[in-house]
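Here is the structure we will look at.
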Amino acid sequence: MSANDLNYEPMVFSPKTKGERSLSDIQKEILSLKKERNAVILAHNYQIEAIQEIADFVGDSLGLAYNAEATDADIIVFCGVHFMAETAKIVNPNKTVLLPDLDAGCSLSDSCPEKKLEAYKQANPEVYVVAYINCSAGVKALSDVICTSGNAKKIVDRVPKEKEILFVPDQNLGKWVSEQTGRPMQLWPGSCYAHVLFTQNAIERLKAKFPSALVVAHPECVQTVRDNADIVCSTEKMVHFCKDSQSESFIIITETGMIHRLQREIPEKTFIAGPTDSCACNECRFMKMNTIEKLRNCLRDLTPEIELPADLTKRAYMPLKRMLDWSK
Ligand code: 13P
Ligand code: SF4
């Protein structure tokens, strides 16, 4: 198949002229509710543009965890998925943490149920569990240390050499970190349903149309995609890489919402959405459950709220705190 055979129109985000975009009525309403409630809005890079525009902080899982820990607001409204809001609650148990849609889960997190990990640990008590932050509070509580895609290498490098590492739940990120660190690991067989949809074949067909564009991929992608990318990194590092690079255009192999952040920070460059075999872009259905209306409603009604048993919060905090300390 050649580039001419693309079965979709590539999604190209051309350079933007800088300028203030006026806020919609509902965005203004959210900002006024936020002030009234003394709330902070934290948003992941994959959220819709209207949410990113009014968030106090937009970033990757690591930046969001630090911001959740540091905030002095009374209420944290977390625009992301459930495990991220849970993380905010774990580092800040006395604050109210709201998630606009409580059903905004994560297939990767679901691929490692707490009970299964518990059984595995009972059968293999010697393992040192490094858990990617995309997991439930229950799984965090069973882990020795947490990592994100932004600090995974740094964290694994700190694990005592004599320990046998079990990396959960993402086998793709785990394999990548193992290659980066030279550290053999047992890999939990989980994956992100959205990132595994990117194929090298689809990327090559797009690349033939945009030969000078650099390929920027998330480590949750499969090995062939990672091996052929110009860089593999977390969503936050994508911003730095594209800013610092001499290149003018980039194919972004991660959830398409990332391009809003890139365009806001680097309006003078061109970003092309990463393709799957059948589609020009790739959205995470869980991330997209948060809408601007649900964000307004949750700030107005102070629900849905993340609630966690105190003992679970305590147990999940220890490996999370270790990550925050090791990653400074
Ligand atoms: P980042 O930590 O790179 O933002 O990734 C989070 C995520 O869910 C990727 O699918
Ligand atoms: Fe989870 Fe994948 Fe969505 Fe990230 S993109 S939140 S890993 S399902």
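Ligands are counted one by one from 1 in listed order, and the atoms in each one are counted from 1 as well. We use all heavy atoms of the structure for the numbers below, so side chains are in, but hydrogens, waters and symmetry mates are not.
The nearest protein atom to atom 5 (O) of ligand 1, hydrogens excluded, is given as His218 NE2, 3.3 Å; this is a heavy-atom distance. Taking atom 3 (Fe) of ligand 2 as the reference point, the nearest protein heavy-atom neighbour is Cys284 SG, 2.4 Å. Residue, atom and distance of the protein heavy atom nearest to atom 2 (Fe) of ligand 2 are Cys192 SG, 2.3 Å.
Among the atoms of Asn45, none of the N or O lies under 3.5 angstrom from an N or O of ligand 1.
Short contacts between ligand 2 and Asn134, defined as distances under 4.0 Å to a heavy atom of the residue, involve ligand atoms 7 (S). Numbered from 1 in the order shown, with element, the atoms of ligand 1 that lie under 4.0 Å from a heavy atom of Ser149 read 1 (P), 2 (O), 3 (O). Heavy-atom proximity to Asp60, at under 4.0 Å, picks out these atoms of ligand 1: 1 (P), 2 (O), 4 (O). Close approach of ligand 1 to Ser234 is summarised as follows: ligand atoms under 4.0 Å from at least one heavy atom of the residue are 3 (O). Close contacts between ligand 1 and Tyr46 involve ligand atoms 7 (C), 9 (C), 10 (O) [criterion: under 4.0 Å to a heavy atom]. Against a heavy-atom cut-off of under 4.0 Å, Ser107 is close to the following atoms of ligand 2: 8 (S).
Looking at Arg226, His195, Gln171 one by one, the single match for side-chain hydrogen bond (donor to acceptor under 3.5 Å, both in side chains) with Glu220 turns out to be His195.
Across all non-hydrogen atoms, the minimal contact from Lys140 to Pro319 is O-CG, 3.1 Å. Nearest heavy atoms, Met287 versus Glu255: CB-OE2, 4.4 Å. Minimum interatomic distance between Ala85 and Val97 (heavy atoms only, all atoms of both residues): O-CG1, 3.6 Å.
Residue contacts with ligand 2 leave out Glu255, since none of its heavy atoms falls under 4.0 Å from the ligand. A heavy-atom separation below 4.0 Å is not found between Met287 and ligand 1.
A donor-acceptor contact closer than 3.5 angstrom is absent between the side chains of Glu118 and Gln122. For the residue pair His82 and Ser109, no side-chain donor N or O sits within less than 3.5 Å of a side-chain acceptor on the partner.
Contact annotation: for Asn134 versus ligand 1, heavy atoms closer than 4.0 Å belong to the side chain alone. Contacts with ligand 1 closer than 4.0 Å are made by side-chain heavy atoms of His195 only, the backbone lying farther away. Contacts with ligand 1 closer than 4.0 Å are made by side-chain heavy atoms of Glu220 only, the backbone lying farther away. Using a 4.0 Å cut-off between heavy atoms, Thr148 makes no contact with ligand 1 at all.
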Requested in this report: Could you give me the CA-CA distance, side-chain angles and deciding distance for Arg296 and Glu29, then say whether salt bridge (charged side-chain N to carboxylate O under 4.0 Å, His left out) is met?
Outcome: CA-CA 7 Å; Arg296 186 265 320 274; Glu29 191 184 345; 3.2 Å; yes
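Counting heavy atoms only, Ser61 comes closest to atom 6 (C) of ligand 1 of the residues Ser61, Gly80, Gly150.
Between Phe271 and Phe13, the gap from one ring centroid to the other reaches at least 6.0 Å.
A cation-pi geometry, defined here as NZ or CZ lying under 6.0 Å from the six-membered ring centre and within 45° of its normal, holds between Arg285 and Tyr193.
Listed for the Asp56 side chain is a donor-acceptor partner under 3.5 Å among the backbone atoms of Ile41.
Cluster annotation: Ile133 and Val91 are assigned to the same hydrophobic cluster (Ile/Leu/Val/Met/Phe/Trp/Tyr, side-chain heavy-atom contacts under 4.5 Å, transitive).
Coordination check, Cys106 versus atom 3 (Fe) of ligand 2: failed, since every N/O/S atom of the residue sits at 2.8 Å or beyond.
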